[in-house]
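Here's the structure we're looking at; comments come further down.
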Amino acid sequence: MMTKRPISVSAFFPAHNEVDNIGLLTEKTVQILSEHVDDFEVLIINDGSADGTRERAEELARKHPQVRAVHHDVNRGYGGAVKTGIASCTKDWIFFTDGDGQFDVNEIPLLLEHVGESDAVVGYRLNRRDPLHRKAFAFCWGTLIRCLFGFAYRDLDCAFKIFKRRFFEGVELKAEGAVISVEFFSILKKNHARVTQVGVHHYPRTAGQQSGGSPKVVLRAFKELLLLYNQLKA
Ligand SMILES: Nc1nc2c(ncn2[C@@H]2O[C@H](COP(=O)(O)OP(=O)(O)OP(=O)(O)O)[C@@H](O)[C@H]2O)c(=O)[nH]1
Ligand SMILES: [Mg+2]
């Protein structure tokens, strides 16, 4: 018999046009959390989708008492969705991953193994399954962040993390785009949080549009990075 950990977990997924992905992801997450922790909820953060993600999320919320659907009427961006996710969670620990299912929620127990001695357990991709130009950009971006902010983490943007909610209570996160990951680590660093890094697997998207590397996303990232840098150095 597997024993459940005596912790409470809110899991959320940012989802922008992920109608074909969130169903399976939500079902798998409900299953795995019900096996491994005492208390949990699952939140689908629909970021102004136009493809039926809203209706699918509502359907999943009706089916499972632990599932909630949260909607942005207008698309805000990855960071906006992550902020709404963090603010909507109610449990002691927050887990999040991407709504496109590029990570395997069956690996959540790998993170849970370390919650006893950590304030945050963050994944790093063992085998990043993205096109070469995205990997090259990610390498340069990561190097820049490490230089600017002095972080030593292996994979800042890995969307597979669990952390104590209390670090983010009353904190006003700013980034609406990808820089939210940098802001996330800056809050942990400021609070001297104990961070454990764990290798996780990454899979290609099987449905929906690839959009994480669009020029709009990249431009916004640089703009928000500059703002965050100035704010932290001020
Ligand atoms: N791109 C994008 N993703 C968003 C947005 N809002 C929420 N998301 C979700 O954020 C997660 C990460 O976005 P992805 O587009 O998968 O980013 P990525 O994995 O870096 O890139 P690809 O999957 O290769 O496009 C997904 O679950 C999206 O559905 C948004 O405005 N733009
Ligand atoms: Mg993706």
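First listed ligand is number 1; within each ligand, the first listed atom is number 1.
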Metal environment of the Mg ion (ligand 2), protein N/O/S under 2.8 Å: Asp100 OD2, Gln102 OE1
Evaluating non-hydrogen atoms only, which member of Ala178, Gly99, Pro204 is closest to atom 27 (O) of ligand 1? Gly99
Closest by any non-hydrogen atom to atom 14 (P) of ligand 1: pick that one out of His16, Gln102, Arg205.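 Considering heavy atoms of His16, Gln102, Arg205, the nearest to atom 14 (P) of ligand 1 sits in Arg205.
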Please list, in number order, the atoms of ligand 1 under 4.0 Å from a heavy atom of [X].
| X | value |
| --- | --- |
| Pro14 | 9 (C), 10 (O), 26 (C), 27 (O), 28 (C), 29 (O) |
| Ala15 | 29 (O) |
| Glu18 | 26 (C), 27 (O), 28 (C), 29 (O) |
| Asp47 | 5 (C), 6 (N), 7 (C), 30 (C), 31 (O) |
| Asn75 | 30 (C), 31 (O) |
| Asp100 | 16 (O), 19 (O), 23 (O), 27 (O) |

Do Lys161 and Phe184 form a cation-pi contact, if we require the NZ or CZ to be under 6.0 Å from the six-membered ring centre and within 45 degrees of the ring's axis? yes
Once the angle between the rings of Phe137 and Trp141 is folded into 0 to 90°, is it parallel (under 30°), tilted (30 to 60°) or perpendicular (over 60°)?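 The rings of Phe137 and Trp141 lie parallel, inter-plane angle below 30°.
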Please state whether the rings of Tyr153 and Phe151 are parallel, tilted or perpendicular, taking 30° and 60° as the class boundaries.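 It falls in the tilted class, 30° to 60°.
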Just by distance, no angles: are the side chains of [X] and [Y] close enough, under 3.5 Å, to form a donor-acceptor pair?
| X | Y | answer |
| --- | --- | --- |
| His64 | Thr26 | no |
| Glu117 | Thr196 | no |
| Glu27 | Gln31 | no |
| His71 | Asn46 | yes |
| Glu18 | Thr53 | no |

Heavy atoms only, cut-off 4.0 Å: how does Asp98 contact ligand 1, side chain, backbone, both, or neither?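 Both backbone and side chain of Asp98 come within 4.0 Å of ligand 1.
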Record the part of Val217 in heavy-atom contact with ligand 1 below 4.0 Å; permitted values are side chain, backbone, both and neither. neither
Which ILVMFWY residues are connected to Tyr124, directly or by a chain of links, through side-chain heavy atoms under 4.5 Å apart? Leu126
Treating Lys135 as the side-chain partner and Arg128 as the backbone partner, does any N or O pair qualify as donor plus acceptor under 3.5 Å?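 Flag set: sc Lys135 to bb Arg128 pair under 3.5 Å.
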Could you give the distance from OG1 (Thr97) to CG (Leu111), rounded to the nearest 0.5 Å? 9.5 Å
